[in-house]
Visitor: 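One structure, as structure tokens, below. Some questions next.
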Amino acid sequence: MNKTILITGGAGFIGSHVIREFVVKYPEYHIINLDALTYAGNLENLKDIEQLHNYTFVKADITDQEVIMAIFQQYQPDAVIHLAAESHVDRSIVDPTAFVMTNVVGTVNLLNAARAIWKDNLEGKRFHHVSTDEVFGALGETGFFTEETKYDPHSPYSASKASSDHLVRAYHDTYGLPIVLTNCSNNYGPNHFPEKLIPLCIHNILNNKPLPVYGDGKYTRDWLFVIDHAKAIDLVFHEGKNGESYNVGGFNEWQNIDLIGELCKQMDEKLGREEGTAAQLITFVKDRPGHDLRYAIDATKINKELGWKPSVTFEEGLSLTINWFLANQEWLEHVTSGDYQNYYDKQYKGA
Ligand code: NAD
Ligand code: DAU
């Protein structure tokens, strides 16, 4: 069936994989990538598919209510998959307002525009909001986040995402807007912006720079290969139940220090360096304020109801990721110049 799907944040890390998944798999759909191209948005991520007949790029800022309404009126999307966001916790600690503007106000602008153009006919319409496990707060050493876990965000980033999740549900409960949500754990893979732990360490190992480990390095994250997240979004978008949310995770918990150890080992092997070379770069630095101890997703619902599970092991996914970064060092150089470099210098003060 022909559909026009507006995907926000498609030039970013996860969004670019979602765009590729949809444009290639569904040639009958018209995919519109709406992105403001902030420091994190990069059209180089989509070079291989930008010529395809069913793909259109629109540069726009979701905080601009009038522009967003005009775009919805022009393209009349049947569905929205909303990924555009300010996504980096450390940046949210420095500048919370930018996160409220994009993640909260931007989401409301999209909800209002969808509501306005769908008001006469909700048949076949869907607003899929892509969110994070960080809305649930922090776990102790045991337990998992389920879809029923109470929201308890701690950082300005997670508070802004929690707020957007509540608004999406409120538009469903109040106006009957057809919605689904996905709350995913930490992604990694090709095109990951090198302000986040894994690509930052890959970049620093390549440049013999320190690997900054916050606090004691015992913080735990549940890592998922980004293409498996894109496939989960495809599945929930098409088969998820109206009004419901689905947790997505890798069944793959790592303490940061162990993850960095595995990364160093693989990097030494791939670069033909003596074992232990990269690990010498590990440097313990000041902790992140309000640092959440542990995230871990219980993905039973999406597994049992929709048959989703991760397709690669972490060791395989990490190897694929490192190979991609080694083969795309020009991409790394492009994104680490300019604006990002200014941010890096401020965050790590010359480390
Ligand atoms: P990213 O920072 O790599 O990309 C964000 C994209 O949004 C960029 O292309 C950027 O240009 C665009 N954008 C930002 N502000 C905008 C605005 N005002 N108007 C229009 N476009 C704007 O983010 P990501 O890591 O790909 O995350 C995508 C989504 O997935 C986010 O909503 C994030 O909260 C969620 N998420 C991320 C992870 C993760 O591990 N990265 C895990 C779970 C959920
Ligand atoms: O859990 C999902 C979330 O994962 C997403 O919603 C966010 O958008 C995404 O950025 C990610 O958030 P984290 O804060 O978990 O990711 P980050 O890569 O920034 O950090 C991972 C862990 O590594 C965390 O415990 C902090 C630590 N860390 C991070 C950096 C950048 C370090 O020890 N040193 C660093 O330099």
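This structure is a prediction, so every number in the text was calculated from the model and none was measured. Whatever order the structure lists ligands and atoms in, that order sets their numbers, starting from 1.
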Visitor: Specify side chain, backbone, both or neither for Ser185, according to which of its non-hydrogen atoms lie closer than 4.0 Å to ligand 2.
Guide: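 The backbone, only.
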Visitor: Hey, looking at atom 10 (O) of ligand 2, which of His291, Arg288, Lys196, Arg294 has the closest heavy atom?
Guide: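 Checking each option, the heavy atom nearest atom 10 (O) of ligand 2 is found in Lys196.
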Visitor: Between Arg91 and Tyr39, is NZ or CZ placed under 6.0 angstrom from the six-membered ring centre and within 45° of the ring axis?
Guide: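 The answer is yes, since Arg91 meets both limits relative to Tyr39.
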Visitor: Given Asn186, Val135, Leu259, which one has a non-hydrogen atom that is nearest to atom 15 (O) of ligand 2?
Guide: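 It is Asn186 whose heavy atom sits nearest to atom 15 (O) of ligand 2.
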Visitor: Taking a cutoff of less than 4.0 Å between a non-hydrogen atom of the residue and any ligand atom, is Ala60 in contact with ligand 1?
Guide: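 Distance cut 4.0 Å: Ala60 passes for ligand 1.
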Visitor: Mind checking whether Glu195 contacts ligand 2 via backbone (N, CA, C, O), side chain (CB onward), both or neither, at a 4.0 Å heavy-atom cut-off?
Guide: backbone
Visitor: Could you check which of Asp35, Thr132, Ile297 puts a non-hydrogen atom nearest to atom 8 (C) of ligand 1?
Guide: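 It is Asp35 whose heavy atom sits nearest to atom 8 (C) of ligand 1.
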Visitor: For the side chain of Asn54 and the backbone of Tyr29, is there at least one donor-acceptor N/O pair under 3.5 Å apart?
Guide: yes
Visitor: Who else is in the cluster with Val105 when I, L, V, M, F, W and Y are joined by side-chain contacts under 4.5 Å?
Guide: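 In the cluster with Val105 are Met101.
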Visitor: Distance check, rounded to the nearest 0.5 Å: Gln329 atom CD versus Leu326 atom CG?
Guide: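 That separation rounds to 6.0 Å.
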Visitor: Applying side-chain contact (heavy atoms from CB on, under 4.5 Å) to Leu139 and Phe145, what does each step give before you reach the verdict?
Guide: CA-CA 8 Å; Leu139 292 163; Phe145 297 135; 3.6 Å; yes
Visitor: Counting heavy atoms only, name the option from Gly10, Ala98, Ala85, Gly41 that's nearest to atom 14 (C) of ligand 1.
Guide: Ala85
